[in-house]
Amino acid sequence: MTRPELVFLHIPKTAGTSQLNAFSQYYGAGNVFWIGKDCAPGIWRYPRAQVGERFVVGGHKRLSFYPRHLDPLYCALLRDPIERAISLFVYHTRPELAVIEPWSDGQARSQLLEKLLARGIDPDSMLNSIRDCRPFRQQISNYQCRYLSRGRATFAAVRRSLEGCDVAIGTVASYDRFQRELWDLLDWTQETPARVNRSQDNYAAPYLQDEELVARIGALNSEDRALLQWVETQHGGLWLQLGDRRERLRRLRNLPLKPGRRKVRQWRWQDAADLWLPRGPRHLPWPLDRMLLAEPCRLLYMPTPGALDAGIQRLMLELSGLPHRDALRALGIERVSAEFATGLRLADRSEDQIAAIGAARDWFRFAIVYEPVIRLVQIYRHYFVEQREQLPLRPPMYRLLAEAQGREAPDCRLGISFRQFAEGVCSGRYDDPLWLPQYRYLAWANTYSKLYRPEELATLRADLAALTGRAVQIEAAAAAIPAWAGAGPPRQARHADTLPGDLPDDPALWCAQLVDAALLEVIKACYAWDLRLYYNRAADKDNEPEVAGV
């Protein structure tokens, strides 16, 4: 990501201090660099080293101050040139009418007034000041065009200078629209920032009643007037020019906001492209490309389909500290991460970063290993009993159903028995990730810090809390030990061959009656390595149930 992402061209006396206030409120003062506050206002070269990685820069500096190679969103506010000139004159000569910026140096302001007095400014006559004080006259002569141009102080030069740049240039008269549109681009909550540096009301009235003065200021600002009228009439008060709106939105909305400052919205799938870049060509093999990381906590989690996976993915997202976590949760972590580079997957890192992570020894790598028989029972219950009419949405499952029924167009409502399902799965003819052997998911198999069973959820919570220094929440999963684990499955299971429509209403009455001895042997042969993973870990060898049989 380039820095800065946003540059505010603070034309004097155009409400720019209000914008600084807002940027600091939403991003934190440490992420905002303001000329005159964070460095001397008189610098003449862009302070790249001082700006560093701060992503908002602003202050009283013209467009020409910023290097051409920068690619931020340039923002500015325009003001009626007569009102701006009067405001600037009052600011210089009547400080008692204006609130001074909290970071400004009152002594420096007094010194500036002394210099202007020496150069001919007349606090009692603005007309005399325009005639006799060249520095002041320059500051009110097409000054807004001069600020927004890399060349001459003309309306045409402004348009040429900003051609090809992303800009959001509003007007003080249409400030509400500028604020609303800019805050939408930045994904900010809708709050009105405090207006600061506002002079006392009605200070301009005596000046505006002076027809000679108004005419003189107008004559000095024909180009500024043309620019202001063009923005007001042709653009409705906001000149918003974005070359690639989607890319600009993605960059701006990925900036880290302070907690509670991001807009709450109803996310839609089409919003994803505004937040993240599409996933590029795969440079990591499956399943390593699916591994999730929470870099601040040095955690790596390899998802395996099962009851705990969704909760752990949500936890990894929260611990990652990534922007747009609410959008990821709402749109689906798995779905979004598969299509977009969100930063949550290991595959979102560069090859060098991945190599460094793989070689590091301070990352905690973990995964969940499910009991294979229980895993198949849960898949059958969810997809082939409770949601069997939606099987056409999952091609491998639908094909298994069709072949088990011997029909090209199977009857989803009729369904199939658990025996038909299990024998189909174990035949190897149907490739669905939900029943793929788990050992195939465990990339970097010999490097895991710990493998957990679902019934060890409390241990997992405690381990992660100790590693992260914070309480963690993971939704509980159903018990993973079969009811018949101690004595082995029944020779005859009451519901192994029962069709879904004939099963009792209460799953507790049939889930433990699906697997008989013959089916267990079929499943054990298919999932031998998964059974070893689940039952034969070194810490649990003494407690290995007889049913494992491997």
Side-chain angles (χ1 to χ4, degrees), residues 286-287 290-291 301-309 312 365-384 396-397 400 417-457 459-460 477-493 495-496 510-550:
W286 183 94
R290 299 182 67 253
M291 184 174 272
Y301 165 63
M302 175 53 74
T304 52
L308 287 180
D309 181 52
I312 297 176
R365 301 173 172 88
F366 71 101
I368 307 298
V369 179
Y370 299 89
E371 206 282 339
V373 179
I374 294 299
R375 186 174 172 226
L376 289 188
V377 169
Q378 290 174 335
I379 294 170
Y380 176 74
R381 172 183 169 178
H382 183 75
Y383 292 97
F384 285 82
M397 293 186 181
L400 189 159
S417 69
F418 180 77
R419 189 184 306 280
Q420 291 173 299
F421 161 74
E423 289 178 345
V425 167
C426 294
S427 72
R429 297 195 304 271
Y430 311 100
D431 188 16
D432 192 295
L434 287 180
W435 57 63
L436 191 70
Q438 294 170 91
Y439 74 87
R440 292 181 57 186
Y441 279 94
L442 299 182
W444 292 349
N446 297 324
T447 69
Y448 284 88
S449 307
K450 200 164 183 180
L451 299 177
Y452 296 87
R453 297 172 178 171
E455 61 269 24
E456 296 172 327
L457 182 58
T459 303
L460 173 60
I481 298 297
W484 37 259
R491 187 171 298 277
Q492 300 292 328
H495 293 295
W510 55 265
C511 276
Q513 289 290 326
L514 294 178
V515 184
D516 58 22
L519 266 180
L520 179 61
E521 292 304 315
V522 172
I523 296 171
K524 284 167 57 175
C526 181
Y527 291 95
W529 282 103
D530 278 10
L531 286 162
R532 288 181 184 276
L533 273 173
Y534 183 80
Y535 285 120
N536 289 6
R537 295 175 307 163
D540 300 312
K541 282 185 177 179
D542 293 339
N543 299 318
E544 179 183 337
E546 294 179 8
V547 67
V550 291

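Values below: all heavy atoms of this structure, side chains included; hydrogens, waters and symmetry mates excluded.
Note that the CG atom of Leu376 and the CD atom of Glu371 stand 9.0 Å from one another [nearest 0.5 Å]. With values rounded to the nearest 0.5 angstrom, Glu455 atom CD is found 12.0 Å from Leu460 atom CG. Of the inter-residue distances, the one linking Tyr301 atom OH with Leu308 atom CG reads 7.5 Å to the nearest 0.5 angstrom. The distance from atom CG of Asp530 to atom OH of Tyr535, rounded to the nearest 0.5 Å, is 11.5 Å. The CZ atom of Arg429 sits 7.5 Å away from atom CG of Leu400, with the distance rounded to the nearest 0.5 Å. The distance from atom OG1 of Thr304 to atom CZ of Arg440, rounded to the nearest 0.5 Å, is 14.0 Å.
Nearest heavy-atom pair, Val369 versus Pro454, reported as atom, atom and distance to 0.1 Å: O-CD, 3.3 Å. Of all the heavy atoms in Arg375 and Tyr370, the pair that sits closest is CD-CB, 4.3 Å. Across all non-hydrogen atoms, the minimal contact from Pro396 to Asp431 is CG-O, 3.5 Å. Here the closest non-hydrogen pair linking Met302 and Ala367 is O-CB, 3.8 Å. Scanning both residues, Val515 and Val373, for their nearest heavy atoms gives CG2-CG1, 3.8 Å.
Screening Tyr383, Phe384, Tyr430 against Phe421 for a ring-ring contact (aromatic ring centres under 6.0 Å, His included) leaves a single residue, Phe384. Each of Pro372, Cys426, Ser427 was scored for a side-chain contact (heavy atoms from CB on, under 4.5 Å) with Cys526, with one residue passing: Cys426.
Looking only at distances, no side-chain donor or acceptor of Asp309 sits under 3.5 Å from a matching main-chain atom of Pro303. In this structure, the side chain of Glu456 does not engage the main chain of Thr459 through any donor-acceptor pair within 3.5 Å.
Side-chain contact between Arg419 and Asp516: present, with at least one pair of heavy atoms (C-beta onward) separated by less than 4.5 Å. In this structure, Phe366 and Ile312 have side chains that are in contact, with non-hydrogen atoms separated by less than 4.5 Å. At least one side-chain heavy atom of Leu442 sits less than 4.5 Å from a side-chain heavy atom of Leu533. Side-chain contact between Tyr439 and Arg532 is absent, with no heavy-atom pair separated by less than 4.5 Å.
Ring geometry for Tyr380 versus Phe418: interplanar angle over 60°, hence perpendicular rather than tilted (30 to 60°).
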(request) Start with the C-alpha gap between Trp529 and Tyr534, add the side-chain angles, then the distance that decides, and say whether ring pair (Phe, Tyr, Trp, His ring centres under 6.0 Å) holds. (result) CA-CA 9 Å; Trp529 282 103; Tyr534 183 80; over 10 Å; no
